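Taking it in order: structure first as structure tokens, then the write-up.
These numbers come from a predicted model, not from an experiment. So you know, we letter chains A, B, ... as the sequences are listed, proteins then strands, and number each from 1.
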Amino acid sequence: MPELPEIEAYRMLAEQLALDRPIAEVQAPDAWYLKGGTDAASLRSALVGASLRRARRRGKVLYLDADPAAVVSLRFGMTGRLVVDDVAGVGDLLYSTRRQDAVYDRFGLVFADGGRLVVRDPRRLGGVELDPAEDRLGPDARTLTVAELRHALAGGSGPLKARLMDQARLAGIGNLLADEILWRAGLSPLRPAGELTPAQLRRLRTHIVGTVERAIDRGGSHTGDLMIARRRGGCCPRDGTPLARDQVGGRTTWWCPTHQR
DNA sequence: ATTGTGGCCTGCCCGC
DNA sequence: TGCGGGCAGGCCACAA
């Protein structure tokens, strides 16, 4: 599903293909998909005649900066893709259908040249917002510092994994990346978030940034080394221990009780 | 304030 | 072989 690495691919696609093309039409056929009080009329008013100048990303949110000034945020849930001129930002998406069907188009910008930027999301778990509040998200996981991580985890009594996936504290980590990061860092997903030693904090920060960067290079959050074992009967690729399967933060969590402490 | 839970959405997989 | 109940999880509303 789209986590930070997939959204980064979408951002690059938008930067490559969608900038500086005057917008002729806004397609917003699904009012449910418009969030934060946004409606189709306000989107048209802000965007028709404008052009996109920049595509930014913070965590799992893609921001399109338009000129005259307007910002559109795109969230992709777990099955959303970005498609520009029929070029998809990523290939297969875990848990999403491979069908490329226009009935799943939830939002679109039609350019004056006839091309199109589309959010294609079968399960409608994503959303579009005009001029969103961007400070609802924590610092981006790709460029996370130790100080930022310390602050994100401070005072937390809940499980470490739940904090890592809290987008308001740390933006970009989803369920698959969280499992992979904690597995690589050798930390239990269940340990209290606020009780890491300075050395563990540094180690975790290294693995967050490193795992994210590697997933971007390798083409997605499903490319981690733990992923092949993330199934019933799966064993730890590092030490062969049968993996534990728990619900942590409401999410299915696969982890190694031997080397994750 | 923080933490936990349920529901939304839909395609697909597994077991009967 | 066909069918239907779970399952997947990002995110939000809500409860404690």
Side-chain angles (χ1 to χ4, degrees), chain A residues 1-8 10 29-38 57-63 73-82 89-90 92-107 119-129 132-138 140-141 151-182 189-195 212 215 220-222 224 226-234 243 245-255:
Chain A
M1 79 294 312
E3 300 183 33
L4 192 159
E6 284 78 12
I7 313 305
E8 178 60 19
Y10 298 167
D30 185 355
W32 191 87
Y33 211 71
L34 306 180
K35 309 297 184 183
T38 302
R57 181 194 56 74
R58 183 159 170 180
K60 306 175 200 174
V61 180
L62 184 62
Y63 299 102
S73 74
L74 307 179
R75 286 190 305 98
F76 296 89
M78 69 182 271
T79 59
R81 303 162 181 274
L82 187 72
V90 297
D92 284 2
L93 212 50
L94 219 50
Y95 306 122
S96 188
T97 174
R98 278 179 287 281
R99 272 171 61 197
Q100 293 295 306
D101 198 327
V103 304
Y104 301 134
D105 290 357
R106 311 300 180 190
F107 176 77
V119 177
R120 188 164 292 161
D121 181 4
R123 284 165 62 178
R124 299 168 79 211
L125 291 168
V128 172
E129 193 170 343
E134 298 186 20
D135 58 4
R136 287 178 300 191
L137 292 175
D140 189 74
H151 184 253
L153 300 183
S157 60
L160 175 57
K161 182 183 171 183
R163 273 281 174 123
L164 291 182
M165 294 193 301
D166 183 344
Q167 302 300 301
R169 298 178 186 278
L170 171 57
I173 306 297
N175 199 40
L176 296 184
L177 275 180
D179 279 2
E180 178 77 16
I181 287 164
L182 291 170
L190 300 169
R191 75 155 53 215
E195 296 180 10
V212 163
S221 50
H222 60 286
L226 177 65
M227 293 303 109
I228 49 162
R230 215 175 167 283
R231 55 181 169 76
R232 267 180 296 178
L243 292 180
R245 180 186 191 272
D246 287 302
Q247 293 291 120
V248 182
R251 297 289 164 258
T252 301
T253 299
W254 297 87
W255 63 289

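In summary, the aromatic rings of A:Tyr10 and A:Phe76 are positioned with their centroids under 6.0 Å apart.
Among the nucleotides B:dC8, B:dC14, C:dG10, the one closest to any side-chain atom of A:Arg232 is B:dC14. Of the listed nucleotides (B:dG11, C:dC12, B:dC9), C:dC12 has the atom at the smallest distance from the side chain of A:Arg75.
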Exercise for the section: Let me see the working for A:Asp179 and A:Arg251 under salt bridge (charged side-chain N to carboxylate O under 4.0 Å, His left out), right down to the final yes or no. Expected result: CA-CA 10 Å; A:Asp179 279 2; A:Arg251 297 289 164 258; over 6 Å; no
Practice task
Determine, step by step, whether A:Thr253 and A:Gln247 satisfy the side-chain hydrogen bond (donor to acceptor under 3.5 Å, both in side chains) criterion, reporting the C-alpha distance in whole Å, the side-chain angles of both residues, the deciding distance to 0.1 Å, and the verdict.
Solution key: CA-CA 6 Å; A:Thr253 299; A:Gln247 293 291 120; over 6 Å; no
Practice task
Applying side chain to side chain contact (heavy atoms under 4.5 Å, CB included), run through A:Leu74 and A:Phe107 and close with a yes or a no.
Solution key: CA-CA 9 Å; A:Leu74 307 179; A:Phe107 176 77; 4.1 Å; yes
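Of the side-chain N and O atoms in A:Thr252, one or more sit less than 4.0 angstrom from OP1 or OP2 of C:dG9. For C:dA8, the OP1/OP2 oxygens have a side-chain nitrogen or oxygen of A:Arg245 closer than 4.0 Å. Contact annotation: A:Arg136 side-chain N/O to C:dC12 OP1/OP2 distance is not under 4.0 Å. Remark: A:Lys60 is in phosphate contact with C:dC11, judged by side-chain N or O atoms under 4.0 Å from OP1 or OP2. Phosphate contact (OP1/OP2 of B:dC9, side-chain N/O of A:Tyr104, threshold under 4.0 Å): absent.
Using a 4.0 Å heavy-atom distance criterion, A:Arg231 is classed as making no nucleic acid contact.
Following rounding to the nearest Å, A:Leu164 (CG) and C:dG10 (P) show an atom-to-atom distance of 13 Å. The interatomic distance linking A:Leu125 (CG) with C:dG9 (P) rounds to 12 Å, in whole Å. What separates CG of A:Leu34 from P of B:dC8 is a distance of 20 Å, to the nearest Å. Rounded to an integer number of Å, the gap from CZ of A:Phe76 to C1' of C:dC12 is 19 Å. One interatomic measurement links the two molecules: CG of A:Leu74 to P of C:dC11, which rounds to 13 Å at whole-angstrom precision. Atom P of nucleotide B:dG7 and atom CH2 of A:Trp32 are separated by 15 Å, given to the nearest angstrom. Here C:dC11 presents its C1' atom at 11 Å from CE of A:Met165, a figure rounded to the nearest Å. The CG atom of A:Asp121 sits 12 Å away from the C1' atom of B:dC8 (whole-angstrom rounding).
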Completion exercise
Contact string for nucleotides 1-6 of chain B, one letter per nucleotide 5' to 3', B = base within protein heavy-atom range under 4.0 Å, S = sugar-phosphate only, - = neither, reads -SSS--
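Between the CE atom in A:Met165 and the CG atom in A:Leu177 there is a gap of 11.0 Å [rounded to 0.5 Å].
In terms of modelled atom types and a separation under 3.5 Å, the side chain of A:Arg106 and the main chain of A:Leu34 share no donor-acceptor contact.
For the side-chain contact (heavy atoms from CB on, under 4.5 Å) with A:His222, the lone residue among A:Glu6, A:Glu180, A:Glu3 that qualifies is A:Glu6.
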